[in-house]
Structures are given as structure tokens and as C-alpha cells.
Novice: 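First the structure, which I've put down as C-alpha cells, then a few questions once you've had a look.
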Amino acid sequence: MNTVLTQRVAKLLYAPILVVACAILVKGYADVGDGFAAGVVAALAVVLQWLAAPGDAGRRVAVSWWPVVAFCGLSGAILLAAALAARGTELLTHLPAPGGGVVKVGTAELITAVAFDVTVFALVLGAVLGILGAIATTKEEPE
Amino acid sequence: MAADLKPPEGRRSKLVPALVLCAPASFAALLALWLSGGIEVDAPWAPSLDLRLHFSLDGLGALYALVATGVGAAVLLYSWSYLPRHLRHQGRSNREQTRFFGLLVLFMAAMVGLATAQDLVLLFVFWDLTAIASYFLIAYDRHEASSRRAALMALLVTGVSAVLLLIGALILYSRYGTFQLPELFERAQPSGAVALAAGLMVLAGLAKSAQVPFHFWLPRAMSAPSPVSAYLHSAAMVAAGVLLIGRVYPLVETSGVLLHGLLVVGAVSVVVGGLLALAQDDMKRVLAYSTFSQYGYVVFMYGLGSAAGAAAAAFYVAAHAIAKSALFLTAGAVTEATGAKRLSELGGLAKSMPLLALSSGVAVATVVALPLTVGFFADELLFKAAVERGPAFAVASTAGAALTFAYLGRFWLVIFTGAKQRAASPVPRLLVLPVAALALVALAAGITPEPLTRLASAAAEASVRAPVETTAAYYLDLRTENLMALATYAGGVALLALSGALQAPLAALARLGVSVGPERLYVWLVKALNGASDRIHQLEVRDLRTRVAAVLVPAGVLVAVALVAAPGGRTYQAGTVQLRDLGLLLMLALTVVAALAATVPRRHLTLVLALGTVGYGLAGVYAFLGAPDVALVAVLVESVVAVLFLGVLALLPAEVLRREAQITTMSSRRWRDPLVAVVSGGVAFALAWGALSLPATARPVSADHVRLAPEAHAKDVVTAILADFRGLDTLVEITVIGVAVAGVTALMRRRDSR
């Protein structure tokens, strides 16, 4: 698996896959895809690097802080829900309200639902890589 | 006994004093609230099911809540001194005190909740909470098998019967559309359904109050520490049963059969409990049998079906709780002082423990209804209600009271009079003072019964939903109740004199009850269920395929039964196939071929690839069905799962994988596994086909989603649903993923650290 060819291809594909992941996340509200799909695509990009890395390097890069990313994503989602609840609105209702003015950055609209989707992205990315990393870095038990 | 004590181990938690103070503080608060006219709290809980957090400190609620917290205060105070000694005797740490006091306070809180709940589901929740707390309290000495068995017995008998309470509540809900008791009382009309629901609730109450034939769990539960017995089996757990009957009484009294049933069960419990109490040698068992006999009176009084009976029942519960808890605490103090638990090992303790002898004497006088104690009025009200109902009831009440006089007279006389059997070590004052305090309350209420009669009247008003006037006073004349009281004393003295001669036949009766009674049936049922459970478990865990089959086959059979038995039958429509569906059909064919191919390979890698093909094929199906979002997620999830499989396979030694790949199917299972697959797959197919053949609902919610998506600033409806319309669901789902991540990483790290 970790031949020179696969290593080069994996490196070449890394940035484009991450761009695709970002596009899926940003465009999710206007096109196919959402934070979940974007998180899985980004995670697969990282997994490809692990698989292609020479020797044991894959295990070394499977660092243990991916669960922290997942935790940050989940915390962000809960904080967002709590902040909205503190305003006295329904949990996870979207702001600005229907008909309200929305700040746009390109095609992306800065609304609470998109912020929530970003937290889902972080959770999925961290969860997939955290679990796969935990398996990859597991030491074999002597039989 | 005190000389045997080892130095204490560990320190009492600072939380314990706060827990002890909970009881008097709660009592004072409840009393203040009651005196100020009561309180009602009503807040929404689950509005779609009409569930409300509805509590009311009405008369019935106040009576039981005050009894639970008042007696609770005395028991917690007693435990403050009793428990360290109990733990030292058993070589246990003082740190275990927190659990004990915490559970007692939990039980007390559950009782207050139960007493004041006005919603049937809320009532069920608190009912179960008392069962759970009582399980841990009875099994507090968990190193003793008898305690564990007794706790399980109490939990099963009262827990299983709790299901009857829930079924009764659901019957009423299905008929009247509410779980709220006040509304049910307004709407319910005498009918078979109401009688059935009330009957199920009464059964739950009888099991909790240890009435015949559910009585066998109560004597077994005496393996609990004495304060637990004093609290649970005088003022709390058994009281919860009659509380339920009092609470749903407006439903119960709609059925004459139920009232007659209460009369019979109550009378039989009085007699059976009384006779068995007279034959017991173990102190706490005498009190246990006495308890279910006394609660038999309460059930009997509710069965009389009159306001006077309901008021007498409420009064009796309070009087009994005060006196019986004092007697249980007396038994604990006597055992602490002498080390003896049996009456045959005791005698002549009045000289060495005068205050305890006097206090418990007052408690006994209260239960046997001597004048100047609150028990006198309790029996007077009972006699009055029985006389109103008829001469037979009057005779039965008098006979039962005479029996009570005999066995409790024997209890006290054997312990405190006669020749001294064992020396008594000094016991801490806190083991005697709570008994004295309870005795003082019994005396005070015997001289001034007005506060208690007021409470009993209010409790009866909550039960019969009409004004009730209860009066208690001493009349120095020959009215019927006084004559019945005199007959009770005379009969009691006669039975007491004969108790020695009665021991042999009564012991034979007790043995007969053990060998052919309901306890035997309970043991047989528990063993049979345990055996069946073991056999199913063994079958299930034999290998991975059996484990999968154990889920698929029962699920398949249940769904098949539902499909066959569903009213109205099902339609299965094939629809029409057009040329544009060609791509979809090809993807479906590919999926089917891949699924069949997945059953063939022996090598794990090939199997993973075949399963992956099934997943990608399904993603293609979604895409052709016009669900690109779902297709994208399916492709991505399939990719992650494939990588996960490959990662796990990489972890396994190559030799193990080679060896596993060479295993052949046993001939005995050659047909079993395909059969399981065909049955479960066939049922799933029929279910999916049937569901897809159903006509679309008149107004699917998806139409609203599509309509509202632009308002949510979204052009992709699926993302709008996930992140906005159903955002709360997504939050819960990602929380589950977060928990899974935490679990996997923790497991892996723990494994690596070993």
C-alpha cells in the first residue's frame, strides 16, 4: 500500500480533497451535502495519508487529539443550543429569523443553522479519525 | 455485646448530619404548609400525553407525608447511634453510613412524592422509586445471602404488582383520555373497565401492604437492619399500599365486588397475620406478622365502603405507624443490649432497661388500644365503622383486636418480665430516646386526639370526596364501642393465657403455610424463570451466528405475527416499471448479486469488498431514486466502514485470519443458517413492501419542509431538516457519536496501559 506511487498520489490528493470537503460544508445549505458529509470526506483525506505513509509513520501521525476535535464539535453544538435557549427562543431555532437580513460571505450565509453544521463537521471529523486512530495505534497483544 | 466492639473504622461523612436533619426539616415544612391550608403544584410534563407534574398536599397526602417524615425523623435519629454499632459488629467501615442515610432519605422523599402525586404516571414513578430504595435498604447487609434474597423477593413482589398499577392507569387513560386523578374522578362512571382498572390498582396496593396472599415477602424482609424495618414496615413501604387504595378510592367504591374483596382480604390478613404472630419466636418476625395483620384492619376498613371506614383507616394508619415503629426500634435496642433476637432467649429486661420497657409498653398499649393512648381511638373508630356495617363485622373486628392484644402482650411480657435470661449491656441513649419520643406522641394523641382526627377527616375527605366529620373522645358509659373494647381486652387476656397451649398447632399452621403457601409458588416461579433465562442465554452466546440469529429470528417472528394479525390486512402492490427505471433496476440487481456473493467468500478481505459493493450499490439506488444527499452519505459511510474493517483486519494476526477462513460450516447448521436468513430477510421484505404499498398520508410533513426551506435560508431541504427543522434530533444523535468516541478511546487506552 505504501509504495512511492501511492505516497505521491496521496500527497497530491490531500489538498484537493480538503477543498472538496470545505466546499461541501460551505455549499451544504444550497446544494447536496452537509457538515456530516464534509466531515467524512475530510476524514477520508487524512486516512489516505495514514495509509500511504511509509513504515510505521501512519501510526505515528494518528495522533491522539482527534477525539478532542470531536469533543470541541459537540461542545460547540451544545453551547450554541444553550445560547439560543438563553435568549428564550426554541432550542436550535435559526437566527436571523425568516425574512431577516443575513450576512453573506460568497455563497455562504452566516446563520445559526450553518454554525451548527460546522460543529457537526468537527464532531464527525474528530469521531472518524479518533476511532480509526485508536485502532491504528493499538499495540498488538502477545498471543 | 458492647465489649466485643472493635475500634471504629473510617469516618462518618459530613453529609450524614445533613441527611439526618432532612427528616425533621421536611416534617416541619410539611406541617406548616398543611396548617396554612395545603399547597398544590401543577406544571406541564409531557403535554401531548396530558402528563403533568401535579402534586397536592391534600388531607390524604398530608397524613402520609407527615407520617413518613415524622417517623422518619425518629428513625434517622435512632440510626445515628445504631448504624455505627451495626457496622462495627460486621467489621464494615463507617463510610458506608452515607449510603444508608441517603437511601432512607430517598425513600422518604419518594413517599412524600407518592403521597402528594395527583397524576397516575407520576404515582407509578414514585411507587417504583420506593421499590428501588427499599431493595437497597433491605439488602444493606449485602454480604448476607438472606438479605439479598429478601430484597429481591420484596422487589419482585412489589415491582411486578407495580405493572398492574400502570396497566390500570393505561386502561383509564384509554377510556377517559387523562392520567389526572381529579379529572378521572369527575369523568369515571361505574363500568367494567373502571372496575378492572381499580381492581388492578388495588392488587398493586395489597401486594405493597403485604396482604394475603402477597404477605410472605414481609417477614423475610426482616433481615434488614432494625431502623429499616422500623421505617419501611411500619410507616412507609407497607403504608404506600393502603395509601394507593385511599388515593383511588373514588374509583374503587364504584364496584361492590372490589369493596367485598377488600373486606375479605383484610379480614383474612388480620387473622392469618395474628395467628402467625402468636406462634413466632423471632422478635422482628412477630412484629412483621403483626404489621400485615394491622394493615389488614386498614384494608378491611376501606372495604366497609363508608366515609366512617375511610376516616377510621386513615386514623389507624397514623396511630399504627407511631406505635409499630417504636416497637421495631425496641427490638433493635434489645438486640444491641443482649445480642438476642428470639423471645425464647429474653426475659426480665424491665429492671435493666426501665425507660425502654416503659416506652415500648406504651407502644404496645397503643396497638392493643388501651385507654389514654391514641390506639384506643383507632380501635373505637374501627368498631364504630364495623357496627354501622353490621353485627358480623363488629364480631370480626373484636376477634381480630383480641388476637392483636394476645400476641403483642406476649411480645412485651416475655421481653421485659419474668426471669432474666441474658445480661443487658448499656445502650446509647439515642437507641432509647426515639422510642420514648414516639411513646410520648402516642400518649399525647391519646389525651388530645383532635389534631389527628382533623387530619384523618381531611384524608377521608380526599378519599370519599365529601365532607367527613370524625370525633374521638372518652365516653364513660356502656355504648357498643366501649363494650367491644372490653370484650377485646377479655378475649386478649384469655388468648394470652392460652398462647402456650396454642404454640404447637400454630407452629404447624406456619409450617403448612411455608410448604403449600404462596411463597412456595413464588420460589417455583423464580427458579423456573431463572432456568429458562439461563437456557436462552446459553443458546444465545454459543457462537456469533447464534447470537445474530437470537436477534433476527424472534424479531422476524414477531413482525410476521404483526403482519398477519394486523387489522384490515395489508395490500402489496408491485406498481409499474418504465424504461427510465432501468438504471435503478440495474443497481438493485447489482446489490442483490453482491448480497448473494457476500455469502460465498472464505477470505475476510473478499468478504469486506463484497459487503462494500452491497453498500455502494444501495448508494446508487438512492441516487437513482432522486436522493443525492442520502446517496452521498451512503457512499461516505460505506467508505469509512470499509476502512474500519480493513484496519481491524490489519490488527488481527495473519495466521488467525487464515485459520478462521478454513473453518467449514458444521453439517448440523448447513440448513439452519440459510433458514434464519430466509425467514428474517423474507419478513423484512414483506414489511418494507407492505409499508411502501400503503397510500401516502393526506398531508405529509415533507411538504411543509419543502415549503419552509426558503424561509430557513436553505436551498437544500435535507440540510435544512438536519441542521434546522430537526436540529434537536441531530444534536441528540451527535451526542451519541461523541459518547461512542469517548468509549472507544477510553477502551483502547485502557487496553494499551495494561
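Each chain gets a letter, A, B and so on, in the order its sequence line appears, and its residues count up from 1.
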Novice: side-chain contact (heavy atoms from CB on, under 4.5 Å) with A/Asp34: which of B/Asp716, B/Thr730, B/Thr719?
Specialist: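 When side-chain contact (heavy atoms from CB on, under 4.5 Å) is applied between A/Asp34 and each of B/Asp716, B/Thr730, B/Thr719, only B/Thr719 qualifies.
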Novice: Quick check: are there more than 12 heavy atoms from other residues, nucleotides or ligands sitting under 6.0 Å from CZ of B/Arg580?
Specialist: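 Open: at most 12 neighbouring heavy atoms sit under 6.0 Å from CZ of B/Arg580.
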Novice: For B/Leu632, is it the side chain, the backbone, both or neither that has a heavy atom under 4.5 Å from a heavy atom of chain A?
Specialist: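 Contact with chain A: side chain only.
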Novice: Answer with side chain, backbone, both or neither: which region of A/Phe116 has an atom nearer than 4.5 Å to a non-hydrogen atom of chain B?
Specialist: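 Answer is side chain: those atoms of A/Phe116 sit under 4.5 Å from chain B.
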Novice: If you draw a 6.0 Å radius around OH in B/Tyr173, do more than 12 non-hydrogen atoms from other residues or ligands fall strictly inside?
Specialist: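 Correct, the count exceeds 12.
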Novice: In Å and rounded to the nearest 0.5 Å, what is the OG1 to CG distance from B/Thr735 to A/Leu74?
Specialist: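 The OG1 atom of B/Thr735 sits 5.0 Å away from the CG atom of A/Leu74.
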Novice: Side chain, backbone, both or neither: which part of A/Val47 has a heavy atom under 4.5 Å from chain B?
Specialist: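 Only the side chain of A/Val47 comes within 4.5 Å of chain B.
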Novice: Side chains of B/Val741 and A/Trp66: does their closest heavy-atom pair fall under 4.5 Å?
Specialist: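 No. Closest side-chain heavy atoms not under 4.5 Å.
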Novice: Pick from B/Leu728, B/Val635, B/Ile737, B/Leu636: which one has the most heavy-atom pairs with chain A under 4.5 Å?
Specialist: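 Highest number of pairs under 4.5 Å: B/Leu636.
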Novice: Count the heavy-atom pairs under 4.5 Å between each of B/Leu646, B/Val637, B/Leu731, B/Leu708 and chain A, then report the option with the highest count.
Specialist: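 Among the listed options, the one with the most contacts to chain A is B/Leu731.
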Novice: Between A/Ala113 and B/Ala723, which heavy-atom pair has the shortest distance, and what is it?
Specialist: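 Taking every non-hydrogen atom into account, O-CB, 3.7 Å.
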Novice: Measure the shortest side-chain to side-chain distance between B/Asp629 and A/Phe36 over non-hydrogen atoms and say whether it is less than 4.5 angstrom.
Specialist: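 When only atoms from C-beta onward are counted, A/Phe36 and B/Asp629 do not touch, as no gap falls below 4.5 Å.
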Novice: Identify the two heavy atoms, one from A/Ala134 and one from B/Thr745, that lie closest to each other, and give their separation to 0.1 Å.
Specialist: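 Where A/Ala134 meets B/Thr745 most closely, the heavy atoms are CB-CG2, 4.4 Å.
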Novice: Roughly how far, to the nearest 0.5 Å, is CD1 of B/Ile734 from CD1 of A/Ile78?
Specialist: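 Separation between the atoms: 7.0 Å.
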Novice: Need one label for A/Ala77: side chain, backbone, both or neither, based on atoms under 4.5 Å from any heavy atom in chain B.
Specialist: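 Both backbone and side chain.
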